[in-house]
Amino acid sequence: MTESPSVPDLSVRRGCPFGEPDGNAELRAEGPVTRVRLGSGKEAWAVWTHAAARELLVSDAFSVDRKLPNYPSLVPYNVDVGFRASIGEMDAPEHGAARRAINGEFTQRRVDTMRADMQKVVDELIDAILDGDGTADLVPALALPVPTTLICDLLGVPDADRDTFRVRSSTMIDLFTPPQERMAAIGALLGYIDQLVTAKEADPSDDLIGRRIRKAREDGDGTDHQALVELALTLLVAGFESTANQISLSIAALLQHPDQLALLQREPERWPAAVEELLRYCSILNPVSYRVATDDVTIAGVTVRAGDGVVALGPSVNRDPAVFTDPDRLDVERTEGRHLAFGYGAHMCIGQHMARVELQIVLETLFRRVPTLRLAVPAEELSFKDEAAAYGLNALPVTW
């Protein structure tokens, strides 16, 4: 594709979760699939509508391999992370085999067995908040430690190492971390996980890594040490940042919609449905998917040529008025439509059940135990991660 000066720039997030109009509405009105320029300087196709996004995400004519030349990167440089693709960056048939190997760790049934542990983690964190001076920043006090603790439990990471893991993981996935710093964080994480896997190979523990080692031995297969290292790193990074951002945005959104919050406090059985609405409304992933066309293909009547990069915009597809009535309104009683916050098709987020349960437990427990919670600053002073791939809050100061 040749560059055009009229192509809109998507390097900055459009819209926020506080009742403001959909920042993508004007661009979506130009068509379901249009050209854009990304933060990397590359041009790509942007998919703006719910129907076109679903069409894209089930098509076999696209690859998720970030090593392809026109992969729609959001940053102006490529970082060779030194390990093989994560599950989310694998194409069929490799993707299906890798996903089936760990599907059992993330089923609804297994996640339900974790509810008591999740509740304990959340209660302890809220205890610490309430023991304070009546103010708190809920990003470091609640939103980050909940998913960090749970994914580290899943992988068997010792307690003493978890803060270091969080800092290095945040550095690794921050789009605007300088390349050298990013590589240093990746190297440190890989080195640590390599040692962790080695220890579990000698004495398999009852966690995801240990269970994978025992299963390989029971099946008569040799343990693929490098594959376990890469899997652990992928799950660690993917398992905390997105959920942490969703937690903080959901809390802030509800504090800005007291009528919706009051309904949930009166009728707590509505929390599961409310979580789905908050996932739609906040849409933390700006591009909810990245693809490169492997063949010429038509999406929503637009021809995408082989080699072209494509992104589906979560904030736009989840506020598509063709699917959601009054889409800029937070409505915890909404029953129409299905959001695409976790993607769609073969690459739909494998950890979606865990994320949903985490959100339900955190939100219900927080607003039950701290019913007078409120923002400690005006909403317009909150600092958002406008230029990050995973949208969120830099801080969430509250009082009660």
Side-chain angles (χ1 to χ4, degrees), residues 1-15 22-81 85-86 88-91 95 173-176 179 283-320 340-341 343-348 385-391:
M1 291 185 294
T2 59
E3 289 194 1
S4 167
S6 64
V7 170
D9 185 350
L10 281 192
S11 60
V12 177
R13 168 82 173 211
R14 289 175 166 83
D22 176 9
N24 295 297
E26 184 176 340
L27 294 175
R28 185 175 56 234
E30 296 181 5
V33 182
T34 65
R35 297 265 290 279
V36 296
R37 182 171 293 111
L38 306 175
S40 61
K42 292 182 179 180
E43 286 192 20
W45 293 101
V47 174
W48 301 100
T49 67
H50 192 277
R54 285 168 60 110
E55 192 176 343
L56 167 71
L57 296 176
V58 298
S59 174
D60 294 330
F62 293 92
S63 171
V64 295
D65 186 352
R66 69 170 53 246
K67 296 187 296 296
L68 293 173
N70 286 330
Y71 185 86
S73 175
L74 298 184
V75 292
Y77 55 83
N78 291 320
V79 176
D80 181 1
V81 296
S86 69
E89 297 163 9
M90 293 177 181
D91 293 322
H95 170 259
I173 65 177
D174 187 335
L175 293 177
F176 296 93
S283 294
I284 64 167
L285 295 179
N286 198 356
V288 74
S289 71
Y290 307 79
R291 299 286 193 274
V292 177
T294 54
D295 296 297
D296 290 355
V297 61
T298 299
I299 297 291
V302 175
T303 298
V304 177
R305 300 296 182 188
D308 286 354
V310 185
V311 293
L313 283 306
S316 179
V317 302
N318 285 331
R319 293 201 183 190
D320 187 342
L340 301 183
Y344 188 67
H347 281 85
M348 197 168 184
K385 300 177 181 179
D386 288 314
E387 296 184 332
Y391 192 49

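Below, each value reflects all heavy atoms present in this structure, side chains not excepted, and no hydrogens, waters or symmetry copies.
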> Please walk me through it: do Ile299 and Phe62 pass side chain to side chain contact (heavy atoms under 4.5 Å, CB included)?
Replying inline: CA-CA 11 Å; Ile299 297 291; Phe62 293 92; 4.0 Å; yes
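Side-chain contact between Pro72 and Val310 is absent, with no heavy-atom pair separated by less than 4.5 Å. Contact annotation: the side chain of Val317 never approaches that of Arg28 to less than 4.5 Å [non-hydrogen atoms, C-beta and beyond].
Residues Gly343 and Leu57 approach most closely at C-CD1, 4.2 Å, considering heavy atoms. The minimum heavy-atom distance linking Glu89 with Arg66 is given by the pair OE2-NE, 3.0 Å. Scanning both residues, Ala293 and Arg305, for their nearest heavy atoms gives CB-O, 3.4 Å. Asn318 approaches Ala341 most closely through the heavy-atom pair ND2-N, 3.8 Å. The shortest heavy-atom contact between Ser59 and Val297 is OG-CG2, 4.2 Å. Between Thr298 and Glu55, the shortest heavy-atom distance links the atoms O-OE2, 3.4 Å.
Counted within 6.0 Å of CG on Asp296, heavy atoms from surrounding residues, nucleotides or ligands total more than 12; the atom is thus considered enclosed.
Partners of Val58 according to the side-chain contact (heavy atoms from CB on, under 4.5 Å) rule, which considers only residues two or more places apart in sequence or in another chain, are Tyr344. Scored by the side-chain contact (heavy atoms from CB on, under 4.5 Å) test, Asp91 finds Ser63, Val64, Asp65 as partners (sequence neighbours excluded).
Remark: Leu27 CG to Trp48 CH2 distance equals 4.0 Å, nearest 0.5 Å. With values rounded to the nearest 0.5 angstrom, Leu313 atom CG is found 11.0 Å from Leu285 atom CG. Thr303 OG1 to Trp45 CH2: the interatomic distance, rounded to the nearest 0.5 Å, is 8.0 Å. Atom OG in Ser283 sits 7.0 Å away from atom CZ in Arg319 (nearest 0.5 Å).
At distances below 3.5 Å, at least one donor-acceptor pair connects side-chain atoms of Thr294 with backbone N or O atoms of Ala61.
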